[in-house]
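Only this structure's heavy atoms are used, side chains among them; waters, hydrogens and symmetry mates stay out.
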Amino acid sequence: MKSAVETLNPTRVRLTVEVPFEELKDSLDAAYKKINQQVTVKGFRKGKIPARVIDQRFGRGAVLEEAVNDALPKFYTEAVNEAEVNPLGQPEVDITELKDGELLAFTAEVDIRPTIEIPDYSGIEVTVDAVEVTDEDVEKSVQQLRERFASTNPVERAAADGDVVTIDLEAKVDGEVLPDGVAEGVSYTIGSGELLDGIDEAVTGLEAGGEATFTSQLKGGSAEGKDAEVTVKVTAVSARELPELDDEFAQMASEFDTLDELKADSRKRLENMKQFDQATQAQERVLDELLKLAEVPIPEKLLEDEINTRKHNLEHHQLGQMGLTLEKYLEIQGKTEEEFLAETKEQAEKGIKTQFILDELVNKEKLNVSQEELTEHLMRRAASSGMSPDQFAQAVVEGGQVPMLVGEVARGKALAVVVEAAKVVDTNGETVDLEDEDETEAAAAAVEATEAAEEKNEA
């Protein structure tokens with residue numbers, strides 16, 4: 001077999017391949033055997049039909065077509081290896097010559113991973129938010145914990161902000177009660193904003209048995225988006241009572257004996273959260289600077305596929321679970337379809353560039369992923385997906401996604417290498433030392449946010 005490679009552009013090549021006919025022998029034998037098992041010729045046992053009879057009855061062309069289809073993947077792979085290119089996706093194959101007994105010639109155009117020159121990233125400088133936990137932050141955290149231990153008690157007075165009311169609802173559009181517009185015994189906390197616009201004003205000041213009518217645009221259901229006349233009747237009013245902030249509360253709500261100990265723990269947890277957020281912010285900003293420095297050409301077909309995949313996932317999975325159409329989502333976001341597509345394209349480009357350049361760094365730095373690192377990453381991904389580690393691991397293996405997870409961890413390690421070489425300061429001008437943080441974990445989180453779909457980037 002002879003092959004040659006022609007570079008069409010930085011992300012696409014054309015392979016020209018010539019195969020002497022004798023190298024098709026195995027595929028021709030397989031073609032005759034396959035046809036033998038599929039056809040019947042009177043006077044011959046099934047599977048024992050001579051090749052010359054198959055040629056006469058069904059045509060030599062059918063045999064050649066079967067043989068070529070069988071042989072092409074092998075010769076294409078050999079040509080790819082010989083050319084030392086990294087293909088992306090499936091090739092466009094064109095058989096240019098097929099002479100029975102003499103020659104098979106074909107071309108294959110395919111997108112490839114571009115050759116990327118890793119820039120000097122030692123001069124990257126980024127600024128991140130300072131880690132500052134105020135007394136107000138601690139008080140807010142403790143107050144949120146206090147809210148979780150609140151109790152409710154019925155009261156005989158008008159409903160006020162923060163009260164929990166039990167209500168019956170009836171919605172009408174054009175004077176007709178909607179089929180799904182009646183609800184009874186709904187529990188609602190005034191001021192939470194969890195129901196219809198205008199309901200807070202309507203129920204505030206009503207006692208049990210009180211009733212009010214207001215107009216509101218429906219957020220879902222059969223008349224979504226339409227203005228409805230809503231009648232609300234309050235059947236019960238309950239006041240929320242918060243426990244006293246004292247040592248007894250600390251013992252009830254935590255493992256600590258005193259309120260001071262509880263507050264100290266809250267401060268420490270808030271500091272840890274902000275430190276992790278700071279590390280993640282550093283990864284993201286260093287990555288942005290790295291992408292600015294590098295020239296990363298993107299295959300047009302890969303970009304088109306990635307845009308379509310992101311749009312499909314948003315429209316049919318994320319929004320579908322929320323009961324929203326793309327049009328309604330854009331309306332809520334205040335964006336036009338053109339703005340949405342432009343943003344999606346920008347995100348897709350960033351994801352692909354991120355993967356290309358970090359993969360190149362993985363190769364350059366000869367970074368490997370240990371079983372322990374992979375297991376830790378799998379545990380984190382399982383937690384974020386809401387699945388148990390065993391369930392997530394099984395889904396990953398069955399879906400053939402282990403290489404994808406390995407790639408995520410490797411890219412996280414590559415980005416950590418860049419961050420280690422960068423200068424990171426906070427908004428107070430202090431140098432940020434990320435050595436105490438799990439840089440690979442934070443980097444993997446940053447990479448995941450801009451990850452291109454792995455399966456489309458593999459041959």
Side-chain angles (χ1 to χ4, degrees), residues 139-243 310-341 343-344 386:
E139 292 300 328
K140 182 179 179 181
S141 176
V142 173
Q143 182 64 22
Q144 289 173 343
L145 181 62
R146 189 184 180 201
E147 295 274 352
R148 287 166 50 191
F149 285 85
S151 59
T152 57
N153 296 301
V155 292
E156 294 183 1
R157 60 166 173 76
D161 187 42
D163 286 344
V164 178
V165 290
T166 304
I167 55 178
D168 297 336
L169 294 165
E170 181 184 81
K172 295 180 180 179
V173 173
D174 298 330
E176 297 291 330
V177 178
L178 297 172
D180 53 356
V182 178
E184 297 180 347
V186 176
S187 180
Y188 175 67
T189 301
I190 299 175
S192 66
E194 294 174 351
L195 277 178
L196 299 168
D197 293 338
I199 195 168
D200 289 335
E201 294 80 2
V203 297
T204 299
L206 295 182
E207 298 183 16
E211 193 174 291
T213 300
F214 63 100
T215 300
S216 182
Q217 188 180 81
L218 299 178
K219 298 179 180 179
S222 59
E224 179 183 358
K226 293 185 178 180
D227 287 338
E229 183 183 83
V230 182
T231 300
V232 56
K233 180 178 180 181
V234 176
T235 60
V237 179
S238 296
R240 299 177 75 248
E241 294 184 5
L242 300 176
R310 287 171 181 255
K311 185 173 181 290
H312 181 273
N313 288 342
L314 174 67
E315 193 168 2
H316 297 281
H317 296 295
Q318 300 172 42
L319 296 182
Q321 293 176 355
M322 298 165 62
L324 291 175
T325 63
L326 180 60
E327 291 74 18
K328 185 64 178 177
Y329 167 77
L330 294 178
E331 180 184 330
I332 294 172
Q333 294 291 314
K335 297 176 183 175
T336 65
E337 186 172 359
E338 290 74 19
E339 290 172 333
F340 164 73
L341 290 175
E343 287 181 5
T344 303

**Q** Are the side chains of Glu339 and Gln333 in contact, using a 4.5 Å heavy-atom criterion?
**A**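 Not touching, per the 4.5 Å side-chain cut-off.
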
**Q** Per the side chain to side chain donor-acceptor pair (under 3.5 Å) rule, what does the pair list look like for residues 192-211, sequence neighbours excluded?
**A**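 For residues 192-211, and leaving out neighbouring residues, the side chain to side chain donor-acceptor pair (under 3.5 Å) pairs sorted by first residue read Tyr188-Asp200.
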
**Q** Taking the side chain as every heavy atom from C-beta outward, state whether Leu341 and Lys311 have any atom pair closer than 4.5 Å.
**A**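 Counting from C-beta outward, Leu341 and Lys311 do come under 4.5 Å.
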
**Q** Check Leu169, Val165, Val230 against Ile199 for a side-chain contact (heavy atoms from CB on, under 4.5 Å) and give me the one that passes.
**A**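 Answer after filtering Leu169, Val165, Val230: Leu169.
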
**Q** Do His317 and His312 make a side-chain contact, defined as non-hydrogen atoms from C-beta onward lying under 4.5 Å apart?
**A**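 Yes; the side chains approach each other to less than 4.5 Å.
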
**Q** If you compare all heavy atoms of Gly162 against all heavy atoms of Arg240, which two are closest, and at what distance to 0.1 Å?
**A**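 Scanning both residues completely, I find the closest heavy atoms to be O-CD, 3.2 Å.
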
**Q** Flag the pair Leu330 / Glu327 as yes when at least one side-chain heavy-atom distance between them is below 4.5 Å, and no otherwise.
**A**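 Leu330 vs Glu327: side chains apart.
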
**Q** Mind checking what makes side-chain contact (heavy atoms from CB on, under 4.5 Å) contact with Lys140, not counting sequence neighbours?
**A**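 For Lys140 the side-chain contact (heavy atoms from CB on, under 4.5 Å) partners, ignoring immediate neighbours, are Gln144.
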
**Q** Please check if the side chain of Asp180 supplies one atom and the backbone of Ser222 the other of a donor-acceptor pair under 3.5 Å.
**A**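 Answer holds: yes.
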
**Q** Does the side chain of Leu218 come within less than 4.5 Å of Glu224's, by heavy atoms?
**A**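 The answer is no, as the side chains (C-beta and beyond) never meet within the 4.5 Å cut-off.
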
**Q** Measure across Ala239 and Arg157 and return the closest heavy-atom pair with its distance rounded to 0.1 Å.
**A**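 Ala239 and Arg157 have their closest heavy atoms at CB-NH2, 3.5 Å.
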
**Q** What is the minimum heavy-atom distance between Ala223 and Val173, and which atoms define it?
**A**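 Nearest pair, atom of Ala223 first, then Val173: CB-CG2, 4.2 Å.
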
**Q** Under the side-chain hydrogen bond (donor to acceptor under 3.5 Å, both in side chains) test, which residues partner Glu241, sequence neighbours left out?
**A**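 Testing Glu241 for side-chain hydrogen bond (donor to acceptor under 3.5 Å, both in side chains), a comparison that skips the adjacent residues, returns Asn153.
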
**Q** Does Leu314 reach the side chain of Thr344, with side-chain heavy atoms less than 4.5 Å apart?
**A**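 Side chain of Leu314 against side chain of Thr344, heavy atoms only: no contact under 4.5 Å found.
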
**Q** If you look at every heavy atom in Val232 and Ala202, which pair is closest and at what distance?
**A**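 Looks like CG1-CB, 4.1 Å.
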
**Q** Could you check whether atom NZ of Lys328 has more than 12 heavy atoms from other residues, nucleotides or ligands sitting under 6.0 Å from it?
**A**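 Result for NZ/Lys328: enclosed.
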
**Q** Taking the side chain as every heavy atom from C-beta outward, state whether Leu242 and Gln143 have any atom pair closer than 4.5 Å.
**A**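 Of all side-chain heavy-atom pairs linking Gln143 with Leu242, at least one is under 4.5 Å.
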
